[in-house]
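Read the structure below first, then the notes.
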Amino acid sequence: PPAQSQNDWIGPPDKHSNLRPVIFYVPPEESPLERRLREARQEAQACNQRFWARHNQAFHQEKEEFIYSRLKAKGLQMRDETGQKATLSAEEMADFYKDFLSRNFRKHMQYNRDWYKRNFTITFLMGQVALARALRWLRWKKKNVEH
């Protein structure tokens with residue numbers, strides 16, 4: 001982002017996680033509370049990035065292995081005679097998706113619990129920051145009215 005930017009910047013989707021990374025704006029006079037909020041948001045982003053990159057890698061690897069094993073069982077190769085990648089029917093792939101989700105259910109539940117905790121913390125900090133900014137503005141306004 002340009003040096004004079006005063007906003008968060010959102011990048012293109014990451015090739016591993018499919019999440020859009022955020023570069024957070026750091027104000028020159030960031031308060032300790034604002035810093036805690038920004039760091040909580042950055043940590044949440046990093047955790048999401050790690051989880052989804054690992055999850056997607058496992059998904060793609062297991063999907064390829066599933067397709068290979070099913071094609072092999074049918075006596076087929078990964079590519080047909082024209083060089084096209086061989087595919088399985090929607091019903092066969094549904095078996096994989098159901099099995100993958102079942103095997104990863106606990107990971108998803110833990111991820112969701114962590115996600116909610118992080119977002120509750122972020123929301124709480126956002127409320128504190130908003131209140132602190134409102135009080136700062138009211139003090140500034142009162143000070144300027146008195147002069």
Side-chain angles (χ1 to χ4, degrees), residues 1-140:
Q4 72 275 15
S5 174
Q6 295 185 1
N7 298 301
D8 295 342
W9 280 68
I10 301 172
D14 178 79
K15 67 181 181 178
H16 302 291
S17 69
N18 291 325
L19 299 178
R20 296 172 63 100
V22 179
I23 298 173
F24 293 94
Y25 169 66
V26 181
E29 296 180 18
E30 182 179 52
S31 72
L33 186 58
E34 290 169 328
R35 187 182 74 249
R36 279 183 55 208
L37 171 59
R38 179 179 48 81
E39 288 172 349
R41 292 176 66 205
Q42 288 171 320
E43 179 59 26
Q45 177 184 329
C47 287
N48 288 337
Q49 173 70 24
R50 284 189 302 270
F51 175 83
W52 287 108
R54 283 193 306 259
H55 177 273
N56 292 344
Q57 180 184 14
F59 175 83
H60 291 300
Q61 181 180 345
E62 291 179 35
K63 180 179 166 187
E64 286 300 312
E65 291 168 359
F66 176 83
I67 292 170
Y68 176 77
S69 69
R70 287 287 173 104
L71 291 173
K72 188 176 179 183
K74 293 179 180 183
L76 301 172
Q77 300 293 320
M78 287 296 283
R79 298 201 176 269
D80 64 18
E81 55 278 347
T82 65
Q84 292 272 352
K85 193 170 184 178
T87 59
L88 298 175
S89 70
E91 291 80 18
E92 290 173 299
M93 290 308 299
D95 291 339
F96 166 74
Y97 298 134
K98 182 180 181 296
D99 184 52
F100 182 83
L101 289 174
S102 294
R103 282 185 282 109
N104 288 280
F105 179 78
R106 289 195 189 283
K107 285 181 193 174
H108 282 260
M109 289 300 292
Q110 184 62 48
Y111 169 79
N112 285 337
R113 264 189 236 104
D114 290 345
W115 187 84
Y116 278 108
K117 285 179 193 174
R118 288 180 197 289
N119 279 293
F120 178 79
T121 300
I122 288 168
T123 302
F124 183 72
L125 288 171
M126 288 176 85
Q128 288 182 311
V129 166
L131 180 61
R133 287 177 180 169
L135 292 173
R136 191 180 323 135
W137 180 80
L138 287 172
R139 281 193 295 270
W140 175 84

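Values in this document were obtained by computation on a predicted structure and should not be read as measured data.
Taking every heavy atom of both residues into account, Y25 and D8 meet most closely at N-OD1, 2.8 Å. Heavy-atom minimum distance, R118 versus C47: NH2-SG, 2.9 Å. Between S17 and A53, the shortest heavy-atom contact is CB-N, 3.8 Å. Shown here for R103 and E62, the closest heavy-atom pair between the two residues is NH1-OE1, 2.5 Å.
Surrounding NZ of K74 are more than 12 heavy atoms belonging to other residues, nucleotides or ligands, all under 6.0 Å away.
Using a distance-only test at 3.5 Å, with no hydrogens or angles considered, no donor-acceptor pair links the side chain of D99 to the main chain of D95. Remark: the backbone N or O of H16 is paired with a side-chain donor or acceptor of N56 at under 3.5 angstrom.
Shown here are the ring pair (Phe, Tyr, Trp, His ring centres under 6.0 Å) partners of F66, two or more places apart in sequence or in another chain: F96.
Note that CZ of R136 and CG of L138 are 11.5 Å apart. Values are rounded to the nearest 0.5 Å.
Ring pair H55/W52 is perpendicular by interplanar angle, where above 60° counts as perpendicular and below 30° as parallel.
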Report task. Could you please spell out the steps behind the side-chain contact (heavy atoms from CB on, under 4.5 Å) verdict for I67 and M93? Result -> CA-CA 8 Å; I67 292 170; M93 290 308 299; 3.9 Å; yes
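Using modelled atom types and a 3.5 Å distance limit, the side chains of Q49 and Q45 yield no donor-acceptor pair. Remark: the Q57 side chain and the R54 side chain contain no N/O donor-acceptor pair separated by less than 3.5 Å.
Under a 4.0 Å N-O distance rule, the pair R50/E43 qualifies as a salt bridge.
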